[in-house]
K.L.:
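Let me begin by handing over the structure; questions about it come next.
The figures that follow rest on heavy atoms only: side chains count, while hydrogens, waters and symmetry mates do not.
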Amino acid sequence: MTYEELAEEWVNDNALLCHTSGSTGRPKEMTLEKKHLLESARRTADFFGLDSSSLLYSCISPDFIGGKMMLVRQRLLGCRLKWEQPSNRPLAGVTERISLLSVVPSQMIHILDNLDKMPPVDHILVGGSAIPSALRKRIADSGLAAYESYGMTETASHIALRRIAEHPKPFRTLGDITVSDEDGALGISIPGWKSIVTNDCAEVLNPTEFYISGRKDNIIISGGRKINPEIIEEKLSAYLDIPFYVSSLPDDKWGQRLIIIAEFRGDDQQHCAKKIQSVCDSCLSPHEKPKEIYIRPGLERTASGKIRRISLSNLT
């Protein structure tokens with residue numbers, strides 16, 4: 001889909017057809033009513049102080065909810081929206097001041113590598129996938145007003161934001177949205193629309209502030225211990241610059257044994273595995289260390305670029 005096609009759909013229909021990311025399974029189709037999309041856009045506009053004089057700039061595809069919402073915000077505010085074909089070399093030749101820039105983490109790396117060529121930007125919205133620790137530090141050190149989001153297609157994009165910092169502060173909900181602890185999972189209440197219980201592990205500080213530590217369906221139980229693989233991934237990402245994730249395999253002794261699946265990048269596979277093992281030995285506690293490391297020529301990804309955690313049968 002192009003932004004022109006999305007604009008035509010917006011004019012002609014009372015709802016937009018959307019798809020979930022597919023990071024935890026097959027992407028699902030759903031329709032979201034205009035009124036709920038506009039309410040979401042209003043919350044974002046209020047947070048960033050956007051108005052009819054703003055310039056919105058999208059580097060992400062309108063196939064996904066993050067891209068669609070850039071057009072919805074433009075329709076709400078009557079401001080300008082510019083976009084480009086998604087790539088990992090964004091903003092080439094752009095000089096005009098941008099009020100809100102929407103990018104994914106991989107595009108943020110290019111921006112940081114080329115700060116001297118970057119146009120003035122008031123706020124950057126970084127979404128689509130998790131931000132590795134090393135990238136988080138680079139963003140924080142840059143001084144850019146960059147924010148990460150929490151939300152999903154089902155909630156018409158993000159319901160909470162936080163400034164990107166080396167040591168993250170909690171997400172804060174937008175507008176009148178509230179959150180709750182539902183047996184360790186995050187509950188979300190959007191007044192006048194819906195209440196849902198997510199599958200994300202959450203530490204809820206109060207009705208408007210929370211931390212996310214991963215997904216409940218990714219929890220690994222090894223030797224009677226509950227292990228959150230995404231916490232381990234966060235620790236390792238500060239030292240590893242290759243795509244990887246933590247998973248498990250059945251084990252007669254432990255129930256499940258931890259493994260790491262990493263993408264082969266340039267070095268020979270044995271050297272890559274030794275590098276990962278060395279990092280694991282230096283920064284992980286004994287129960288967090290993987291029993292095996294698998295090096296693969298490529299990792300499966302969703303259409304939006306998120307790593308897809310493959311089924312165990314695909315390892316063989």
Side-chain angles (χ1 to χ4, degrees), residues 23-24 88 104-113 126 128-142 148 164-168 201 211-302 305-316:
S23 56
T24 58
N88 282 328
V104 296
S106 60
Q107 293 169 332
M108 199 66 210
I109 293 173
H110 178 78
I111 289 172
L112 293 169
D113 288 341
V126 186
S129 63
I131 301 173
S133 295
L135 177 57
R136 179 183 300 280
K137 185 178 187 307
R138 287 192 67 192
I139 295 172
D141 290 345
S142 75
E148 63 182 308
I164 295 175
E166 182 177 359
H167 303 291
C201 301
Y211 288 99
I212 294 292
S213 59
R215 291 187 59 84
K216 292 188 75 174
D217 50 6
N218 290 337
I219 294 296
I220 297 167
I221 301 178
S222 182
R225 246 184 220 272
K226 287 186 178 181
I227 301 172
N228 189 327
E230 287 157 291
I231 291 178
I232 299 175
E233 290 163 3
E234 178 72 13
K235 291 181 180 181
L236 295 179
S237 69
Y239 306 98
L240 296 176
D241 58 359
I242 56 174
F244 74 95
Y245 63 95
V246 176
S247 188
S248 67
L249 285 171
D251 189 276
D252 291 338
K253 180 178 181 180
W254 304 107
Q256 292 176 290
R257 66 181 184 273
L258 287 179
I259 64 171
I260 285 181
I261 305 173
E263 187 170 272
F264 174 67
R265 286 283 183 92
D267 296 333
D268 66 76
Q269 296 187 32
Q270 186 176 14
H271 176 77
C272 185
K274 286 182 177 179
K275 178 181 178 181
I276 294 171
Q277 187 64 61
S278 175
V279 171
C280 291
D281 290 341
S282 67
C283 70
L284 297 181
S285 59
H287 72 275
E288 294 175 323
K289 293 179 182 178
K291 304 296 184 184
E292 297 161 20
I293 297 171
Y294 291 83
I295 308 298
R296 302 176 63 82
L299 300 181
E300 292 186 18
R301 287 174 169 81
T302 67
K306 294 180 182 178
I307 292 176
R308 179 180 283 121
R309 296 170 187 267
I310 63 173
S311 64
L312 300 180
S313 60
N314 290 333
L315 282 177
T316 57

K.L.:
Any chance you could lay out the side chain to side chain contact (heavy atoms under 4.5 Å, CB included) test for Ile221 and Lys226, step after step, and finish with the verdict?
P.N.:
CA-CA 5 Å; Ile221 301 178; Lys226 287 186 178 181; 4.2 Å; yes
K.L.:
Using a 6.0 Å cut-off, check whether atom NZ of Lys289 has over 12 heavy atoms from anything other than its own residue.
P.N.:
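Enclosed: over 12 neighbouring heavy atoms sit under 6.0 Å from NZ of Lys289.
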K.L.:
Is there a side chain to side chain contact (heavy atoms under 4.5 Å, CB included) between Ile307 and Glu300? Walk through the geometry before answering.
P.N.:
CA-CA 6 Å; Ile307 292 176; Glu300 292 186 18; over 6 Å; no
K.L.:
Would Cys201 and Ile219 satisfy side chain to side chain contact (heavy atoms under 4.5 Å, CB included), going step by step from the backbone distance to the final call?
P.N.:
CA-CA 9 Å; Cys201 301; Ile219 294 296; 4.3 Å; yes
K.L.:
Looking only at heavy atoms, what is the nearest atom pair of Pro168 and Glu166, with distance?
P.N.:
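Heavy atoms of Pro168 and Glu166 come nearest at CD-O, 3.4 Å.
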K.L.:
For Phe264, does its backbone N or O pair with a side-chain atom of Gln269 as donor and acceptor, under 3.5 Å?
P.N.:
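Not confirmed, Gln269 side chain does not pair with Phe264 backbone.
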K.L.:
Not counting sequence neighbours, which residues clear side chain to side chain donor-acceptor pair (under 3.5 Å) with Ser133? List them please.
P.N.:
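Glu234, Ser237.
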K.L.:
So, do Val246 and Glu233 sit near enough that their side-chain heavy atoms are less than 4.5 Å apart?
P.N.:
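They are in contact (side-chain heavy atoms under 4.5 Å apart), so the answer is yes.
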K.L.:
Where is the tightest heavy-atom contact between Arg308 and Arg301, given as atom of each residue plus distance?
P.N.:
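Result for this residue pair: NH1-O, 3.4 Å.
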K.L.:
About how many Å separate NE2 of His271 and CD1 of Ile295, when rounded to the nearest 0.5 Å?
P.N.:
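Reported to 0.5 Å precision, the distance equals 11.0 Å.
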K.L.:
Working to the nearest 0.5 angstrom, can you tell me the gap between Lys274 NZ and Asp281 CG?
P.N.:
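Result: 13.0 Å between the selected atoms.
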K.L.:
State, yes or no, whether a side-chain contact exists between Pro290 and Cys280 at a heavy-atom distance under 4.5 Å.
P.N.:
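Pro290 reaches Cys280 side chain to side chain.
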K.L.:
Roughly how far, to the nearest 0.5 Å, is the NZ atom of Lys275 from the OH atom of Tyr239?
P.N.:
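Here the interatomic distance stands at 13.0 Å.
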K.L.:
What distance separates Leu236 CG from Ser282 OG, expressed to the nearest 0.5 Å?
P.N.:
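Between Leu236 CG and Ser282 OG, I get 8.5 Å after rounding to 0.5 Å.
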K.L.:
Suppose we screen for salt bridge (charged side-chain N to carboxylate O under 4.0 Å, His left out). Which residues come up paired with Glu148, at least two apart in sequence or across chains?
P.N.:
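Result, salt bridge (charged side-chain N to carboxylate O under 4.0 Å, His left out) vs Glu148: Arg136, Arg162.
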K.L.:
From Gln277 CD over to Ile293 CD1, what is the distance, rounded to the nearest 0.5 angstrom?
P.N.:
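If we round to the nearest 0.5 Å, Gln277:CD and Ile293:CD1 are 4.5 Å apart.
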K.L.:
Does Glu230 offer a backbone N or O that forms a donor-acceptor pair with the side chain of Asn218 under 3.5 Å?
P.N.:
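Between the backbone of Glu230 and the side chain of Asn218 there is no qualifying donor-acceptor contact (under 3.5 Å).
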K.L.:
Check whether Gln256 reaches the backbone of Ile220 with its side chain - one donor and one acceptor, N or O, closer than 3.5 Å.
P.N.:
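No; judged by distance alone, with no hydrogens or angles, the pair does not exist.
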K.L.:
Applying side-chain contact (heavy atoms from CB on, under 4.5 Å), name anything that partners Asp141, two or more places apart in sequence or on another chain.
P.N.:
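Applying side-chain contact (heavy atoms from CB on, under 4.5 Å) to Asp141 gives Lys137.
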K.L.:
Run the side-chain contact (heavy atoms from CB on, under 4.5 Å) test against Ile109 and tell me which residues pass, sequence neighbours left out.
P.N.:
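Ile109 satisfies side-chain contact (heavy atoms from CB on, under 4.5 Å) with Asp113, Leu135, Arg138 once adjacent residues are dropped.
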K.L.:
Among all residues two or more places apart in sequence or in another chain, which pass the side-chain contact (heavy atoms from CB on, under 4.5 Å) test with Ala130?
P.N.:
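Listed in chain order: nothing, the list is empty.
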K.L.:
If we only count heavy atoms from C-beta on, is the Ile232 to Leu258 side-chain gap below 4.5 Å?
P.N.:
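In short, these two side chains touch, coming nearer than 4.5 Å.
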K.L.:
For the OH atom on Tyr211, are there more than 12 heavy atoms of other groups (residues, nucleotides or ligands in this structure) within a distance under 6.0 Å?
P.N.:
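More than 12 within 6.0 Å, yes.
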K.L.:
Got a donor-acceptor contact below 3.5 angstrom from the Glu263 side chain to the Ile242 backbone?
P.N.:
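Checked: no pair found.
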K.L.:
Mind running side chain to side chain contact (heavy atoms under 4.5 Å, CB included) on Ile276 and Phe244 for me, showing each step along the way?
P.N.:
CA-CA 10 Å; Ile276 294 171; Phe244 74 95; 5.6 Å; no
K.L.:
Using the side-chain contact (heavy atoms from CB on, under 4.5 Å) criterion, which residues pair with Glu292? Sequence neighbours excluded.
P.N.:
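For Glu292 the side-chain contact (heavy atoms from CB on, under 4.5 Å) partners, ignoring immediate neighbours, are Leu249, Arg257, Ile259, Tyr294.
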K.L.:
When rounded to the nearest 0.5 angstrom, what distance separates CG in Leu112 from OG in Ser142?
P.N.:
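Between atom CG of Leu112 and atom OG of Ser142 there are 5.5 Å.
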